[in-house]
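Input: a single structure, listed below in structure tokens.
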Amino acid sequence: MTEFIEKHRSGCAFGGIYTALAVKNLLPYAHSGPGCLQQAKNILDHKNAAQGPVSYAEPIVPCSNFSEKEVVFGGLEKLKAGLTHTFDVYKTDLIAVFSGCVPAIVGDDLDSLNSFFIEAKVPIVYVDVPGFKGNSIWGHHRFLKALIEQYLEKENSAINPRQVNVWGIIPFLDPFWDGTLNAVEKLLASAGLEPNIIYGDRDGIGAVKRIPAAAFNLVISPWWDLDTVKLLEQKFGTSYLQYPNLPVGPSETTKFLQTLREYAGLDKNTITKIIEKGEREYMYFLGRSLHASFEGPNLPKRFVMIANSNYALALSKHLINDLGMIPERIYINDGVPEEYQEIMARQFTCFDGGISAEVVFTEDGGRPEQEIRALINDRPLIQHPYIFGSYWDKIWAEESMSPFLPVSVPLGDRIVLNKTYFGYAGALTFYEDINSVFEV
Ligand code: SF4
């Protein structure tokens, strides 16, 4: 049965436009009504850690601005006129046309503009992302598919044996994406690889063009970008390595590095040194904090997680395997496709010490609120669990007198610039955040 979704956590498919806004010098064009980008902004950008686009701010993103006339006669002529004007007034390396609900409903066929797109002054890719067809993760995947199919050439360029393309981190939807990619890039480079990342303060379209030259694709996620790397394998024959979650903390980061070493044939000594240094630094800082916390905050033993799949798995592994906490219940809210749900659920049955967690796949934000409130009310004498969620959960979590930290979209009134929970150092940042909700 289709569920009623209250307090949505990822926005409509049109939100895939934010992936384009994370690539330097890539100009998105909104073939939609004037409010669609604003809707996406509300959940993915403005109320999600006060982020902003890389090259083109939202108010200057060109738009077909659908009105009654386009609804009656179609919007393709207006799109052509808008793009022609865009060539004259914008400096950009690539334009990506995102087509929303109304053009889909009135039957605008972007394929019919193929020759216009091919002859255009600036390369153009186009993608249908009507909001009623999926969430912004679906929109993100649709955009990457369009980029690979319409823009990347199957050239005979030589493969760079050290280059690895990094996937599995969705810009904006993951409010920590920029800091995380910086940290991943640094770690991979120290391991002897040449990471190629298309988002953020990097080479933008240059990095996009280098995608086919990679020795392999690395996807750090339970399912995000898995279809993308499969498509790259199909088109360019590039193999891929999937690590099923963002490594947070010593257990997972060490495992991640060992997996990478084995897969990519990296130097054993180099990897051993990175692991030893990372684990030593983590234990040093955590040890100092533990000495202090004999008189400090009392972290609950149990936790509830309401997050997208990447963070739900990553943070749960760290909280259980490294910090010894017990999962109460995990709500995964990013619309995991059915074919991945069973594989993902299995990941929650094999924590250290034989611990497993009850997992609920639901995009409905009202359900965890109702169920966790009831759970807390049923056990008034037991210490309340720590609640990890999003801005939507703040009020009811605080009313329940539970410690609360937003970790998933929309993050609300936290500002995130270069912060990450990835790796050894990222876990210390997470530990600081967890404990910062208490008065020391
Ligand atoms: S659901 Fe449709 S009309 Fe609404 S914001 Fe998304 S694309 Fe635009």
Side-chain angles (χ1 to χ4, degrees), residues 2-22 26-48 51-53 56-76 78-79 82-83 86 95-111 113 124-147 170-175 224 308 333-335 337 362-366 390-392 408-412:
T2 309
E3 65 177 352
F4 174 80
I5 297 175
E6 186 187 326
K7 301 175 185 167
H8 201 248
R9 317 281 168 137
S10 49
C12 80
F14 196 80
I17 197 169
Y18 270 90
T19 300
L21 285 167
L26 197 165
L27 177 69
Y29 186 105
H31 187 50
S32 67
C36 297
L37 184 53
Q38 183 62 36
Q39 289 293 338
K41 177 180 164 72
N42 283 343
I43 191 158
L44 294 172
D45 171 325
H46 182 57
K47 288 282 180 233
N48 191 30
Q51 304 183 62
Y56 305 98
E58 291 92 341
I60 61 162
V61 169
C63 176
S64 294
N65 197 12
F66 260 65
S67 64
E68 284 96 338
K69 191 176 163 204
E70 287 71 44
V71 170
V72 175
F73 299 106
L76 293 180
K78 197 168 184 188
L79 172 61
L83 282 169
T86 300
I95 294 173
V97 177
F98 285 79
S99 186
C101 286
V102 186
I105 292 166
V106 304
D108 274 4
D109 176 14
L110 293 189
D111 285 335
L113 295 188
I124 297 177
V125 298
Y126 58 95
V127 55
D128 277 316
V129 279
F132 54 80
K133 279 211 173 169
N135 63 16
S136 68
I137 299 168
W138 184 81
H140 159 87
H141 287 135
R142 291 276 298 171
F143 166 61
L144 289 183
K145 185 170 185 282
L147 200 60
I170 302 185
F172 291 90
L173 180 91
D174 175 351
W224 295 351
N308 56 54
N333 57 23
D334 54 332
T362 177
E363 288 187 84
D364 178 15
S390 82
Y391 192 53
W392 285 122
S408 187
V409 56
L411 216 61

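Here the structure is a predicted model, which means the values were calculated and not measured. When a ligand or atom number is given, it counts from 1 through the structure's own listing order.
- Proximity of a side-chain donor or acceptor of N135 to a complementary backbone N or O of A13 within less than 3.5 Å is not detected.
- Near atom 8 (Fe) of ligand 1, less than 2.8 Å away, sit the protein N, O or S atoms C36 SG.
- A pairwise comparison of heavy atoms in E363 and N333 identifies CG-O, 3.6 Å as the closest pair.
- Protein heavy atoms all stay at least 4.0 Å away from atom 4 (Fe) of ligand 1.
- Between the NE2 atom in H46 and the CD atom in E58 there is a gap of 10.0 Å [rounded to 0.5 Å].
- No side-chain N or O of S408 forms a donor-acceptor pair with one of R9 less than 3.5 Å apart.
- The two residues P62 and P28 come nearest to each other via the heavy atoms CD-O, 3.5 Å.
- W224 and N308 share no side-chain donor-acceptor pair at under 3.5 Å.
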